[in-house]
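In what follows, a structure is listed as structure tokens, so that the remarks can point back to it.
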Amino acid sequence: MKGIVLKNIKLNDKYYHMIINSKEFCLKVSAGQFFMIQPKEFDYIYDPLLRRPFGVCDIDDNKENFSLLYMVVGKGTKLLTTIREGVEIDFSQPIGNSFTILKNKKVAIVGGGIGIAPLFFLAKELKKNSCDVTIYFGGQSSEDIVFTDEFSKYSDRLVITTNDGSVGIKGFVTKPFEDDIENFDFVYSCGPKKMLEAVSKISVEHSKPVEVSLDERMACGLGACLGCIVYVREGGDVVQKRCCVEGPIFDGSKVLWESVCR
Amino acid sequence: MKGIVLKNIKLNDKYYHMIINSKEFCLKVSAGQFFMIQPKEFDYIYDPLLRRPFGVCDIDDNKENFSLLYMVVGKGTKLLTTIREGVEIDFSQPIGNSFTILKNKKVAIVGGGIGIAPLFFLAKELKKNSCDVTIYFGGQSSEDIVFTDEFSKYSDRLVITTNDGSVGIKGFVTKPFEDDIENFDFVYSCGPKKMLEAVSKISVEHSKPVEVSLDERMACGLGACLGCIVYVREGGDVVQKRCCVEGPIFDGSKVLWESVCR
Amino acid sequence: MHKLLNINLCGVEFKNPIIAASGTFGYGLEYSNFIDLNRLGGISVKGISLNEVKGNPMPRIMETSAGMLNAIGLQNVGVEKFVKDKLPLLRRYNTKIIVNFWGKTLDEYIEVAKILDREDVDMLEMNISCPNIKEGGIAFGTDPKMTYDVVYNCKKVMNSKPLVVKLSPNVTNIKIFGKVAEEAGADAISAINTLLGMAININTRRPFLSNVTGGLSGPAIKPVAVRMVYELYKTINIPIIGIGGIMDYRDVVEFYLAGASAVQVGTANFVNPEIPLKIIDDLESYCLKNSIENISDIKGKVITN
Amino acid sequence: MHKLLNINLCGVEFKNPIIAASGTFGYGLEYSNFIDLNRLGGISVKGISLNEVKGNPMPRIMETSAGMLNAIGLQNVGVEKFVKDKLPLLRRYNTKIIVNFWGKTLDEYIEVAKILDREDVDMLEMNISCPNIKEGGIAFGTDPKMTYDVVYNCKKVMNSKPLVVKLSPNVTNIKIFGKVAEEAGADAISAINTLLGMAININTRRPFLSNVTGGLSGPAIKPVAVRMVYELYKTINIPIIGIGGIMDYRDVVEFYLAGASAVQVGTANFVNPEIPLKIIDDLESYCLKNSIENISDIKGKVITN
Ligand SMILES: Cc1cc2nc3c(=O)[nH]c(=O)nc-3n(C[C@H](O)[C@H](O)[C@H](O)COP(=O)(O)OP(=O)(O)OC[C@H]3O[C@@H](n4cnc5c(N)ncnc54)[C@H](O)[C@@H]3O)c2cc1C
Ligand SMILES: Cc1cc2nc3c(=O)[nH]c(=O)nc-3n(C[C@H](O)[C@H](O)[C@H](O)COP(=O)(O)OP(=O)(O)OC[C@H]3O[C@@H](n4cnc5c(N)ncnc54)[C@H](O)[C@@H]3O)c2cc1C
Ligand SMILES: Cc1cc2nc3c(=O)[nH]c(=O)nc-3n(C[C@H](O)[C@H](O)[C@H](O)COP(=O)(O)O)c2cc1C
Ligand SMILES: Cc1cc2nc3c(=O)[nH]c(=O)nc-3n(C[C@H](O)[C@H](O)[C@H](O)COP(=O)(O)O)c2cc1C
Ligand code: FES
Ligand code: FES
């Protein structure tokens, strides 16, 4: 697919927000899905080579534009920051499974750092379906805490934590979440793997269903390369799932965390 | 060296003109010299890898800005077109030898296609030194004929030819040049190697001194890689010259054309 | 439709010489939602073995400059499931099916070859060059005697299908392996598989791949691949399928000039699944523009005097 | 000044482990107008032979994806002129001088080694891996017996200087060559030289290099180089100088973790002559930031369990 970059805004030194116009994409996508994007304007440049995966952060109400919230970490994301408004960019269809969208439930959303990106779209969908939404949003420090106004709009409670205490509660995001867990029917999470593992364990201990969005390194995003395997318990067996097409959303209670975390 | 890109103007589908601010560069450069430029904004991208050589096309009267006139042929030059005004760009010092700047002589300047680039700077210098300058400027077709107003300003006669006759005289630029050759004391040329060979032969036949600017593929532009060798007669011997540091300007009567042309 | 691009490889008619490379195209079906598989000349499926293989632990892939490293470890469903579950679905498409296969032992190679030879596939491609498994794989591809044995013995049990032998670039002299495979009965050679490489994460001080080393593919390796195809073309008489870093039609022409009779597109499928189709279109235009009646006319036509 | 980066290689003290790679730095002097040579750990000069060599016809270089091909053909002024004209000028700089050398025959290797051993240079680096000349060069580097003979015989005539042997990556098993060189008396190994590659101009249908094939260098080959250094480190006990695609300090750290005791920077010098100096600065900061007392502390420290 192709679409025009409408905005590519620097939020702070670490995060950017890009809005792309594509009705075709918006009509297909659901919360939790991601896409692969060519992190450069030119297809004849082979460094960086592969497309990069990003979660869908938001869709406008007219279903014409979608956005990605991205953190600058390496070559690809650095180059993404230089893409100018008005440029046509190449990306894949929406890929993967999506979060379960419940109705009229009390849900917790736990996001860590850039893991917050696909949770915005999720919160919006859950609110539309009359859920009571509590968002736990944790970061290293204040610059990781972005989009708070928007998150307030799509949640009933927004709990912010930072490791250095620069905004919100000082400490890990899992702490306030664990304190409140008995209030919830369902838990959603995205963020660093260590955090997802903790969120899943806490949820399991309290017998709460939990869905996590996993980021594995990806080459194809099509289910072909077998580079993005996640090990999951199914019945009594451990089975291999391709994070790109059979994920990125997994039942947190089933994931073999020891094979994932590094 | 580094400098700010002040302009990067599309002249037509084939040619661009870039102006870079760098007093340091301007104070050192003389007509016929070239420089290597990183054809991208980012040094952590390794495709394209090497810097690209370009002749110096013009220097402003305050010696603050210099320009390059470039033809879009491959990856590097395509990327060059995307460099935005205001961006800081990395380039080498002025490299190589330079054209002999005569005083009060009648000179012919023969340029073919993009070979015209360094000849503009040359014409300006020769005019400053009270030479009578005739410029022969040949191209495939009308889009190769750029900067004619400026060339008129720095020449006493401007003869334009195109292979397809779309502007100027139809045919090769060497024809009108050969017709007039007896009028000149000295010949300068830059352009396709076949043309340089022809210009050199004609000059030698009429016992006119001739200087040509040669384009060899270059990796380092420093004299280190030995990738840009030109074979030249010196005394009775044939010697190897590095086009980058011992050129790019050669005595056209001395060049071993059979080893150069391909 | 594609007269300019029709080729015959060991008696099999391909509508065009663009084949999806093994391991980069799954079982083909993965791509069916993204591109029209009917347009491809052929598909070489992920390397099949006698029994199901789970592959290496994660992480298995890493990008490098103009290339990528992989150590998937030949994960596959095994020949039985492949034939039962994947092949019938794949056969619905009008494209040639090449089955890439391998074994941990000589007997496994023979067994898989025997099974596949009876099935509805167009060609077999023997992988003796995978750098990412401990047993078998690359050992068969880096010792001429073992290469001879495995090719000879598989060919002996095959009655109907052409056998392509896929060579490893991790050798001092690829000509020897081409020659040996030819002598042992190979109907064609494909070259190259990946170069053995390694990358280390300086923050964790661990290799980026759990397997420590992996196979390097992509544009970075194209010059090595073109050189090897050229060397093979001067040495052997059976056709060569050129592989390595092909990203556009120009690369295909380059491999043809070096001596290839067809090509496989690998890593490019990851970069953008539409690349093979674009190559087919562009290659056709190229032939038209250059008055080339059939792409085979330029095979080996590099001028080196 | 650079305590963090001081290293001792075969008894020679380097102020830092960043050495300019042979063939990419001329005779050093070419760079003296662009950078302060005194800051470099060392310079490995362009491969020197007994007699002057004019090299291959043009064209000799071509860029490829994240790399370049060269077939310079070891053009050099010959050992006599080098010693008379270049060495005295180079010696004015406070940096270690490694003389890369080669021969067309065993006798030539020995002769050059003998001459250089008596001169005011710090180390000799034997090139048995240049892919771009017909005689000698790579033949010595792809046959273990020849490798042994040339190393053993050169070492025998050398009394004072350490001998580094530079290996070719164009072999099935580099460990064998490392082992053989060590047994024959090499004091250190440098790896790797260029990979043999080829590129064809589809418009002219001619190879981009007059020599048809050439040596591939640059970031494209880094994964192969790191893998080979890692393999060598596990096999031999003499120090390894890591070479191949180094562009920044992170690459240097990667080679160290794989097992290198020093590195050479090659193609990067063409990309920007200031790269080696930037690497030195950045490497120092890296050591400080990570509380590494001396860069050697991380040698071979890749974690592979
Ligand atoms: C399903 C999914 C959704 C994602 N959503 C987002 C998002 O919404 N916002 C965001 O900022 N980031 C997201 N990421 C992570 C993002 O893809 C990486 O940060 C990005 O690819 C890094 O590219 P780079 O070139 O800057 O870094 P480099 O380190 O130069 O990348 C090198 C290679 O590693 C891969 N890679 C590196 N880090 C990661 C990672 N953490 N996960 C997967 N692949 C990686 C790249 O794809 C590439 O192939 C997501 C990842 C996945 C798998
Ligand atoms: C001394 C000198 C002065 C030059 N002055 C100008 C000028 O003023 N304006 C202009 O438009 N062009 C000039 N050129 C040619 C210009 O350098 C090439 O067109 C440019 O490098 C092509 O780069 P690319 O990436 O677009 O093409 P690619 O084909 O992708 O380049 C691949 C490689 O080949 C080299 N290369 C390709 N073509 C040439 C060529 N004709 N000459 C030298 N190297 C080449 C590149 O440097 C690069 O390493 C000059 C060349 C030299 C040697
Ligand atoms: C992820 C991945 C998996 C691969 N798996 C196989 C395989 O199963 N069998 C095989 O013969 N080659 C396999 N290869 C090698 C490719 O078929 C091809 O030879 C190689 O990647 C070079 O081509 P490229 O540069 O176009 O990718 C694999 C390559 C990659 C990148
Ligand atoms: C133009 C060029 C010339 C070279 N000449 C020599 C040489 O004379 N002797 C030698 O041992 N290696 C030579 N090399 C190989 C380099 O020293 C180095 O081993 C190789 O380029 C890989 O390192 P890099 O990727 O950093 O360039 C040459 C490389 C290049 C690019
Ligand atoms: S990224 Fe290729 S299979 Fe998932
Ligand atoms: S370009 Fe390297 S010596 Fe001239």
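Only a predicted model underlies this, so the values are computations on that prediction, with no experimental measurement involved. Just so we're on the same page: letters track the sequence lines, and every chain starts at 1.
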Separation between [atom1] of [X] and [atom2] of [Y], rounded to the nearest 0.5 Å:
X: Ile275(C); Y: Asp43(A); atom1: CD1; atom2: CG; answer: 7.5 Å
X: Glu30(C); Y: Cys220(A); atom1: CD; atom2: SG; answer: 8.5 Å
X: Arg250(C); Y: Tyr44(A); atom1: CZ; atom2: OH; answer: 10.5 Å
X: Arg51(A); Y: Asn272(C); atom1: CZ; atom2: CG; answer: 4.5 Å

Counting only heavy atoms not in [X], do more than 12 fall under 6.0 Å of its [atom1]?
X: Lys278(C); atom1: NZ; answer: no
X: Lys84(C); atom1: NZ; answer: no
X: Glu88(A); atom1: CD; answer: yes

Pick one of side chain, backbone, both or neither for Met36(A), based on which atoms fall under 4.5 Å of a heavy atom in chain C.
-> neither
What part of Tyr231(A) gets closer than 4.5 Å to chain C, counting heavy atoms only: side chain, backbone, both or neither?
->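 The side chain, not the backbone.
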For [X] versus [Y], what's the shortest heavy-atom pair and its separation?
X: Gln240(A); Y: Lys54(C); value: NE2-O, 2.8 Å
X: Cys225(A); Y: Phe270(C); value: CB-CZ, 3.3 Å
X: Met68(C); Y: Ala219(A); value: CE-CB, 3.9 Å
X: Met247(C); Y: Leu49(A); value: CE-CD1, 4.0 Å

Options Leu50(A), Asp47(A), Ile45(A), ranked by heavy-atom pairs under 4.5 Å with chain C, top entry |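 Top count of heavy-atom pairs under 4.5 Å with chain C: Leu50(A).
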Top residue by heavy-atom pair count (under 4.5 Å) with chain C, among Gly221(A), Pro48(A), Ala224(A)?
->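 So the answer, after comparing Gly221(A), Pro48(A), Ala224(A), is Ala224(A).
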Would a 4.5 Å heavy-atom cut-off, applied to side chains only, mark Phe34(C) and Gln93(A) as touching?
-> yes
Are any of the side-chain heavy atoms of Ile229(A) and Gln75(C) separated by less than 4.5 Å?
-> yes
Does a salt bridge link Arg52(A) with Glu63(C), judged by any charged N lying under 4.0 Å from a carboxylate O?
->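 Result for this pair is yes, salt bridge flagged.
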Sort Tyr27(C) into side chain, backbone, both or neither according to what part of it lies under 4.5 angstrom from a heavy atom of chain A.
-> neither
Let me know if Ser65(C) has heavy atoms under 4.5 Å from chain A in its side chain, its backbone, both or neither.
-> both
When heavy-atom pairs shorter than 4.5 Å are enumerated against chain A, which of Pro219(C), Ala268(C), Gly55(C) gives the highest number?
-> Pro219(C)
Under 3.5 Å: donor-acceptor pair, side chain of Arg217(A), backbone of Ile61(C) =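 Answer holds: yes.
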Check whether any side-chain N or O of Arg60(C) sits under 3.5 Å from a backbone N or O of Leu226(A) as a donor-acceptor pair, and report yes or no.
-> yes
